[in-house]
Amino acid sequence: MLRVTRTKSLCKQCALNGCNKVRGLSEVDKPSLIVIGEAPGAEEDIKGKPFVGPAGGWGKYGLRESGINVNSAHFMNVINCRPPSNDIASLDALDAIEKCRPGFEQELRELHTRGVETIIAWGATAMHALGIEGPIGKNRGSVYEVKVAGKDFIVVPTFHPSYIMRGMKKEEPTWFNDMAKALDIATHGWHPPKENFQLFPSIEWLEKETKRLCSMKKKPQLAVDIETAFGQIVVVGIASSSEDAFSVPFFGKGMISYWKNGDFGRARSCLSRLLSTCPTLFQNAPFDVSWLVRAGFVTLDAIDIRDDILLAHHAIHPELPHNLGYIVSVYGATPYWKDIVVSNPKTLMAMEDADVRTYNLRDAVVLHQVKPPLLDDLHSTGTEHIYRGISMKLVKPVIEMELTGMKLDKKRHKSFAVKVKRELAKTEKKLHSVAGIPKDFSVSSPLHMARLLYGKIPDSLEQKKADIASYDDEGTRKRKDTKKYRELVDYVKTVESIEPLQPTRAAVQKNWKTGGVSTDEMARTSIYLASKTMLREVKALVRPKPFHAEKAKRLERNIRILELIDSFQELNKLSTTYTNFRLGEDGHVHPRFVITGTKTGRLSSREPNWQNLPSADDEDKLGAEVRKLFIPDPGWCFVGADYSNLELRVLSWDSDDKMLQTWFAEGVDVHTRIAMSLTGWPEDKITKTVRKGAKTYKFGRNYGGSVEGIYRRLVVRIPDFPLSLAEFREADRRHFELMPAYAKWQAKTREVTLKTRTCVTASGRKRFFLGTDEEIQREALDTRIQGPAGDVKNIALIKFYEERNRLGLKAKLVSDLHDAIYVTCPKTEKKKVARLLKECMEHEVKWWKKPVIFPVEVAVSDRSWGEMVEYEVK
DNA sequence: GTCGTATGCGCG
DNA sequence: AAAGCGCGCATACGAC
């Protein structure tokens with residue numbers, strides 16, 4: 001046992017004056033590593049031992065989970081005495097850090113002589129005390145060689161256990177990893193990566209190196225990373241191992257060309273040869289490769305994209321962040337380097353060439369570093385087939401979608417924009433003039449809206465008023481002729497001049513997650529419906545009193561305002577989101593599709609998000625125009641196909657629910673059947689409203705919604721839904737009775753999720769949940785449906801890409817809408833492509849040895865995306 | 001000014 | 001006590 005008393009010489013001058021009450025401690029004479037925290041807490045103070053309180057308990061749990069023998073660690077703090085109310089930032093505590101320093105160093109020296117050199121720093125205080133600057137969030141997981149008290153130590157900073165204890169469970173796996181890394185260093189020693197970088201190649205050197213790499217018998221895998229600025233590739237970094245890398249620069253500081261005269265062409269040939277001869281490795285290949293293809297350095301066909309670190313990490317653990325800095329902090333050895341460059345092109349081009357290229361090559365070599373441990377994890381988690389069989393194969397189809405894009409009908413877009421803006425201005429004017437809403441009222445401001453709906457005064461208003469008052473105080477020297485002052489005054493004036501709706505009878509709706517008031521469409525609709533009811537009641541009075549007329553007037557104002565606000569919201573959304581698209585040189589909009597964008601395996605889309613454009617369902621709405629703005633190239637057309645009821649079919653198949661399966665097999669309308677099963681009514685009694693209600697119910701229930709929660713939303717969305725809550729509960733009971741397999745599937749999913757805190761889909765995707773018990777049950781229910789549905793479509797995307805290549809068709813993939821795929825092709829190919837798309841999408845799935853096919857419906861258009869018409873495939 | 005968080009809303 | 005899931009984007013707002 002080792003117990004270290006720190007020098008007491010400075011204790012008497014220390015503000016805490018505890019005379020190092022809680023001394024560093026290990027159970028053995030020769031500990032294997034050192035764990036440093038901040039300061040003793042209440043419990044430690046009483047017992048006189050470090051890490052015996054709740055945070056200490058969590059810390060030891062973390063150590064054990066990381067494979068560390070708690071008894072072999074030496075526990076110590078930056079200071080040995082408890083700061084008042086545990087406040088490490090207090091002046092007294094800061095004083096103590098200084099006064100305890102000699103003792104802190106003495107303790108580390110003592111340990112060093114015993115051969116202990118590895119330190120886990122729990123939290124920023126310990127990290128800073130060891131001379132490592134910066135925030136813990138960025139530096140955690142990196143390995144630092146530091147000199148303290150004249151001795152060399154290896155430090156791995158990570159989160160303080162109290163941070164994890166306070167509920168940051170999402171960081172827990174990262175925390176374990178960091179500490180396991182420290183254990184590995186304590187056991188096997190620290191071998192920092194070497195960097196053999198060529199930053200300024202001559203053309204001769206580049207050609208020689210290209211020849212050497214490309215003529216090797218076993219072609220080396222090249223890690224590739226690019227930097228871009230002002231629409232140009234500035235440098236391509238290529239790493240042939242975790243230590244050796246070279247730059248292929250094109251521009252230097254200030255966008256000055258790197259190559260002179262004809263050497264650019266020679267450099268370009270080298271790059272082309274490298275990229276089309278050797279297998280490659282990327283962090284986010286869709287980004288880099290689409291740049292490389294557009295720059296003409298390689299074709300999509302020629303490049304062999306063998307691995308992608310981002311995709312691998314996502315397949316292993318979709319919940320975690322996937323940026324390279326994070327992945328390297330867990331799997332790699334290079335200390336955090338991402339502060340070197342900011343994404344701003346101006347700043348990038350102001351940097352020294354050596355700095356930019358070193359950063360770029362570091363991005364490349366670390367890919368080799370982290371690849372082997374990532375492949376191990378893919379193997380041990382059983383997610384290799386997701387990575388190799390789906391994610392990697394999606395890379396090229398996804399790049400193709402981005403490169404293809406869709407042509408924007410400029411003329412139509414212009415008139416659409418004008419129309420939306422005109423309607424918006426009209427609505428706004430009415431809000432001001434007719435409904436008496438102040439001009440500065442912002443529909444997008446929840447604070448304004450809360451004042452209007454509930455008369456709620458924002459909490460921040462008092463502070464703002466106090467601020468204004470402080471301008472009047474003498475001595476503050478605050479000038480009133482400033483923009484800031486005017487804004488304050490205007491803000492208060494606006495909020496106070498909003499006359500709240502009344503009477504409303506609707507209860508204030510709370511946001512259950514944050515406790516704030518709710519001002520969304522549902523809350524507004526509740527008030528709207530209540531106002532309508534009250535108005536009817538007032539109007540129905542046989543002998544109304546004079547104040548009733550006043551009341552009716554106020555209610556009419558409510559109704560008017562809420563109607564106008566809804567149409568304003570709708571138009572505002574259209575105006576801000578869809579009247580300004582960024583176009584490529586080809587006049588196309590080029591959205592990106594992100595393979596790692598979701599936790600379930602769906603794709604996500606961005607810049608712009610192609611997956612949430614208003615659908616063309618409601619012809620009367622202006623939103624229906626948006627998809628019509630996108631047109632095929634001259635002589636080309638669109639072919640699209642969507643799975644019918646994909647998620648519900650996945651559920652019926654995965655749960656083996658005979659009822660649903662029968663309905664699907666018979667080809668009847670399932671939502672009508674569900675409505676019949678809920679109500680017990682015959683088919684002719686199922687109105688559109690009831691069917692809509694049944695659909696809402698089924699979707700909500702599938703994803704873990706409660707009967708009450710679903711009903712609460714349902715009555716607002718479908719005001720004339722005929723069932724009472726009691727009847728709805730009864731319907732729910734009946735529904736589950738009718739579908740015992742579905743009920744069992746849900747129960748089993750919940751049970752397994754709670755027990756394992758993981759979820760495996762039929763398609764073999766895994767999630768390792770980090771949320772609360774309640775959250776993760778709902779997430780698991782959703783993932784088991786959404787995941788396989790996404791993968792059915794992912795596989796179709798891959799199949800189409802491959803088959804199209806095999807057949808040599810001109811058709812190109814355009815878009816992915818979760819349950820639909822859109823393609824563009826010459827009109828002459830329409831028939832072939834329609835058939836091919838249907839065939840590829842209706843592939844047989846054999847997961848869990850239960851073969852199944854999910855049927856699709858095909859549609860085509862020569863005109864626009866918004867005018868697709870059904871197409872019979874022969 | 002820039003950033004992160006909250007809120008709301010479009011889609012499946 | 002109650003809470004449907006998965007996204008991206010626009011705006012507001014407070015902190016730096």
Side-chain angles (χ1 to χ4, degrees), chain A residues 137 318-319 342-344 442-450 458-461 463-464 487 491 510-524 565-566 569-580 591-594 596-618 621 623-624 626-627 642-643 645-648 650-651 696-714 746 759 767 771-787 789-790 793 815-820:
Chain A
E319 318 293 292
V342 286
S343 48
N344 186 337
S442 167
V443 173
S444 314
S445 165
L447 262 57
H448 288 185
M449 196 63 86
D459 298 340
S460 57
L461 204 72
Q463 182 55 48
K464 291 218 159 76
E487 276 173 5
Y491 184 87
K510 295 262 184 181
N511 179 326
W512 69 273
K513 269 183 187 157
T514 58
V517 298
S518 177
T519 59
D520 60 9
E521 198 195 345
M522 215 173 80
R524 296 198 307 271
I565 282 177
D566 269 7
Q569 284 276 27
E570 192 193 322
L571 292 162
N572 197 38
K573 179 92 184 169
L574 291 175
S575 165
T576 56
T577 317
Y578 304 119
T579 58
N580 188 20
R592 288 161 52 201
F593 289 88
V594 183
T596 54
T598 72
K599 291 182 278 195
T600 55
R602 278 183 175 185
L603 302 185
S604 74
S605 162
R606 54 170 78 146
E607 294 171 0
N609 182 352
W610 225 220
Q611 293 169 327
N612 71 346
L613 261 66
S615 70
D617 292 349
D618 193 341
K621 294 203 172 178
V626 178
R627 291 190 193 205
D642 59 332
Y643 289 102
N645 273 314
L646 179 58
E647 295 204 344
L648 211 46
V650 166
L651 172 68
T696 307
Y697 162 83
K698 188 61 182 163
F699 274 93
R701 209 69 172 110
N702 286 348
Y703 302 136
S706 67
V707 184
E708 290 77 10
I710 293 165
Y711 190 75
R712 206 165 41 77
R713 284 189 296 276
L714 193 141
Q746 270 217 349
C759 157
R767 280 183 72 173
T772 66
D773 285 358
E774 288 71 24
E775 279 165 358
I776 70 173
Q777 289 178 62
R778 295 195 300 266
E779 287 166 357
L781 289 172
D782 172 61
T783 300
R784 289 195 65 184
I785 301 170
Q786 202 186 103
K793 182 236 57 200
S815 185
D816 168 294
L817 260 63
H818 305 309
D819 64 354

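Proteins come first, then strands; the chains are lettered A, B, ... in the order of their sequence lines, and each starts at number 1.
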Out of [options], whichever nucleotide has its closest atom nearest the side chain of [X]:
{"X": "A:His818", "options": "B:dG12, B:dG10, B:dT7", "answer": "B:dG12"}
{"X": "A:Ser615", "options": "C:dG6, B:dG10, B:dG12", "answer": "B:dG12"}
{"X": "A:Asn609", "options": "B:dG10, B:dC9, C:dG6", "answer": "B:dG10"}
{"X": "A:Leu447", "options": "B:dG10, C:dG6, C:dC13", "answer": "C:dC13"}
{"X": "A:Pro614", "options": "B:dT7, C:dT11, B:dC11", "answer": "B:dC11"}
{"X": "A:Thr576", "options": "C:dA10, B:dC11, B:dG8", "answer": "C:dA10"}
{"X": "A:Glu774", "options": "C:dA3, B:dG12, B:dC9", "answer": "C:dA3"}

Can you see if the side chain of [X] gets near the phosphate of [N] - specifically, an N or O under 4.0 Å from OP1 or OP2?
{"X": "A:Ser445", "N": "C:dC13", "answer": "yes"}
{"X": "A:Arg778", "N": "C:dC5", "answer": "yes"}
{"X": "A:Gln569", "N": "B:dG8", "answer": "no"}
{"X": "A:Ser442", "N": "C:dA12", "answer": "yes"}
{"X": "A:Thr598", "N": "C:dC7", "answer": "no"}
{"X": "A:Ser706", "N": "C:dA3", "answer": "yes"}
{"X": "A:Arg712", "N": "C:dA2", "answer": "no"}

Any idea which heavy atoms bring [X] and [Y] closest together, and the distance?
{"X": "A:Asp642", "Y": "A:Ala820", "answer": "CB-CB, 3.4 Å"}
{"X": "A:Thr519", "Y": "A:Met449", "answer": "CB-CG, 3.5 Å"}
{"X": "A:Asn702", "Y": "A:Leu781", "answer": "O-CB, 3.6 Å"}
{"X": "A:Val707", "Y": "A:Arg701", "answer": "CG2-NH2, 3.5 Å"}

Rounded to the nearest Å, what distance is computed from the [atom1] atom of residue [X] to the [atom2] atom of nucleotide [N]?
{"X": "A:Arg627", "N": "B:dC11", "atom1": "CZ", "atom2": "P", "value": "8 Å"}
{"X": "A:Asn572", "N": "C:dC9", "atom1": "CG", "atom2": "C1'", "value": "13 Å"}
{"X": "A:Gln746", "N": "C:dC5", "atom1": "CD", "atom2": "P", "value": "13 Å"}
{"X": "A:Lys621", "N": "B:dG10", "atom1": "NZ", "atom2": "P", "value": "7 Å"}
{"X": "A:Asp520", "N": "C:dA12", "atom1": "CG", "atom2": "C1'", "value": "16 Å"}
{"X": "A:Glu319", "N": "C:dC5", "atom1": "CD", "atom2": "P", "value": "13 Å"}
{"X": "A:Trp610", "N": "B:dG10", "atom1": "CH2", "atom2": "P", "value": "18 Å"}
{"X": "A:Asp642", "N": "B:dC11", "atom1": "CG", "atom2": "C1'", "value": "14 Å"}

For the residue pair [X] and [Y], establish whether any side-chain heavy-atom pair is separated by less than 4.5 Å.
{"X": "A:Glu570", "Y": "A:Lys621", "result": "yes"}
{"X": "A:Lys599", "Y": "A:Thr783", "result": "no"}
{"X": "A:Ser605", "Y": "A:Asp816", "result": "no"}

Tell me what [X] touches on the nucleic acid: a base, only sugar-phosphate, or nothing, going by heavy atoms under 4.0 Å.
{"X": "A:Arg524", "result": "sugar-phosphate"}
{"X": "A:Glu570", "result": "nothing"}
{"X": "A:Thr783", "result": "nothing"}
{"X": "A:Leu646", "result": "nothing"}
{"X": "A:Arg592", "result": "nothing"}
{"X": "A:Arg606", "result": "sugar-phosphate"}

**Prompt:** Which comes earlier along DNA chain C counting from the 5' end, the contact point of A:Glu779 or that of A:Glu708, where each point is its nearest nucleotide?
**Reply:** A:Glu708
